[in-house]
Q: 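Below: one structure in structure tokens.
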There are 2 protein chains.
Amino acid sequence: MYEKKIPKNFTCGMAVLMEIIGGKWKSYLIYLINNGVRRPAELQRAVPSASRRVLDLQLRELEFHGIIRRVIYPEMPPKVEYYLTSFGESMLPVVAAMENWGIRYMETFKQLMENKQLAMGTAPEVELKKTATLSRRKAVAKAV
Amino acid sequence: MYEKKIPKNFTCGMAVLMEIIGGKWKSYLIYLINNGVRRPAELQRAVPSASRRVLDLQLRELEFHGIIRRVIYPEMPPKVEYYLTSFGESMLPVVAAMENWGIRYMETFKQLMENKQLAMGTAPEVELKKTATLSRRKAVAKAV
DNA sequence: GGACATACGGAAAAAATTATCCGTATCCGA
DNA sequence: TCGGATACGGATAATTTTTTCCGTATGTCC
């Protein structure tokens, strides 16, 4: 793990959670391991777009953080399996909530990315409030 | 926003959600705005460890993704306020779940970081399974 | 006029993360 | 003996994100 130069705070839960599953593939690894994809090579085949190295590193970090547990079989050729710890399992509802929210807005999101325009179906109420502060001063326009 | 060279997939919800709130301060910004901290300068004072620039950039991205809405008051000195859109509000439960999970394991996590040792209170069941595959071969040791 | 407030943005440096490429070792099967 | 499977790790490059430092503009208060 890279030695950080800027210390992190971890004063809010978000920072803690992000430190643990913020990596590019970590949540997916948790998902896969929980669904029975246990061996390193299997995981690599399951996520071919990730390099073998990063998966290894992120598995190490997940293990270091107590999310997964590595079981080493002293065989030849080598065999390794990963399992969620009970601590790791405690994270499943959160991961699921994140995943579900994402799925729900995936299509909308993709369209947004293509259009490169803000066009969320649910979102954009745009209105200009005119408050007391406006009349209190000279109200110079500086629109965007 | 930075033009990426490696295209992202967004085939799973996690990737979508991460694209939206993965930024270092984004979830905190959502939290603050939802709690009435609306003006840019207020937000900067609320997160002094973040540079003004990044907060600006991440606010832009949140706006672009339809999570927040920027209300510009044509006054002088300039006045701007951010509000969650209804789309942004749909994210609150997820953010809360993440935050809560993190808070719950914050202390354990901090100790882990200090010790630089895997010592999760709940976690480490370590056991070595011996399966058929072991006897099937010569079982050479390659322990760690 | 000078110091402060408001809000914004470009450019480049620094930091952090991820990718690529090299290597180790053993065993199995053709 | 050669090619593939298993698993792992170092070193460096590339990419992405964040920080730092510079600038713009206008208005108020002393």
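Order of the sequence lines fixes the chain letters, A, B, ..., with proteins taken first and strands second; residue numbering starts at 1 for each chain.
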Q: Is the distance from OP1 or OP2 of C:dT20 to the nearest side-chain N or O of A:Arg53 less than 4.0 Å?
A: no

Q: A:Glu42 near the nucleic acid: base, sugar-phosphate alone, or nothing, with a heavy-atom cut-off under 4.0 Å?
A: nothing

Q: Could you pick out which residue, A:Ser51 or A:Lys4, lies toward the 5' side of DNA chain C when each is mapped onto its nearest nucleotide?
A: A:Lys4

Q: Using modelled atom types only, decide if a donor and an acceptor are shared between the side chain of B:Glu63 and the backbone of B:Ile68 within a distance under 3.5 Å.
A: no

Q: Within the pair B:Gln58 and D:dT17, is there a side-chain N or O less than 4.0 Å away from OP1 or OP2?
A: no

Q: Could you check whether any side-chain N or O of B:Arg38 sits under 3.5 Å from a backbone N or O of B:Ile33, counting only pairs where one atom can act as donor and the other as acceptor?
A: yes

Q: Decide yes or no for A:Pro40 and A:Glu42: does some side-chain heavy atom of the first lie under 4.5 Å from some side-chain heavy atom of the second?
A: no

Q: Calculate the interatomic distance between B:Glu63 atom CD and C:dA7 atom P; express it in whole Å.
A: 15 Å

Q: Classify the nucleic acid contact of A:Arg38 as base, sugar-phosphate or nothing, counting any heavy atom under 4.0 Å across all strands shown.
A: nothing

Q: What residue among A:Glu81, A:Arg39, A:Lys79 forms side-chain hydrogen bond (donor to acceptor under 3.5 Å, both in side chains) with A:Tyr73?
A: A:Glu81

Q: When you get a sec, tell me which of D:dA7, C:dC8, D:dT6 is the closest nucleotide to the side chain of A:Pro77?
A: D:dT6

Q: Does A:Lys5 make a side-chain N or O approach to OP1 or OP2 of C:dA15 shorter than 4.0 Å?
A: yes

Q: Among C:dT26, C:dC22, C:dA16, which nucleotide has an atom closest to any side-chain atom of A:Ile6?
A: C:dA16

Q: Check every strand shown and say whether A:Lys26 touches a base, only sugar-phosphate, or nothing at a heavy-atom separation below 4.0 Å.
A: nothing

Q: With respect to the side chain of A:Arg52, which nucleotide from D:dC21, D:dG9, C:dT18 is positioned closest?
A: D:dG9

Q: What is the distance from CG of B:Leu57 to P of C:dG9, rounded to the nearest Å?
A: 9 Å

Q: NA contact type, B:Val54, heavy-atom cut-off 4.0 Å: base, sugar-phosphate, or nothing?
A: base

Q: Tell me which of A:Lys24 and B:Arg39 sits closer to the 5' end of DNA chain C, going by the nucleotide each one is nearest to.
A: B:Arg39

Q: Starting at the 5' end of DNA chain D and moving along, which residue's nearest nucleotide shows up first, B:Trp25 or A:Gln44?
A: A:Gln44

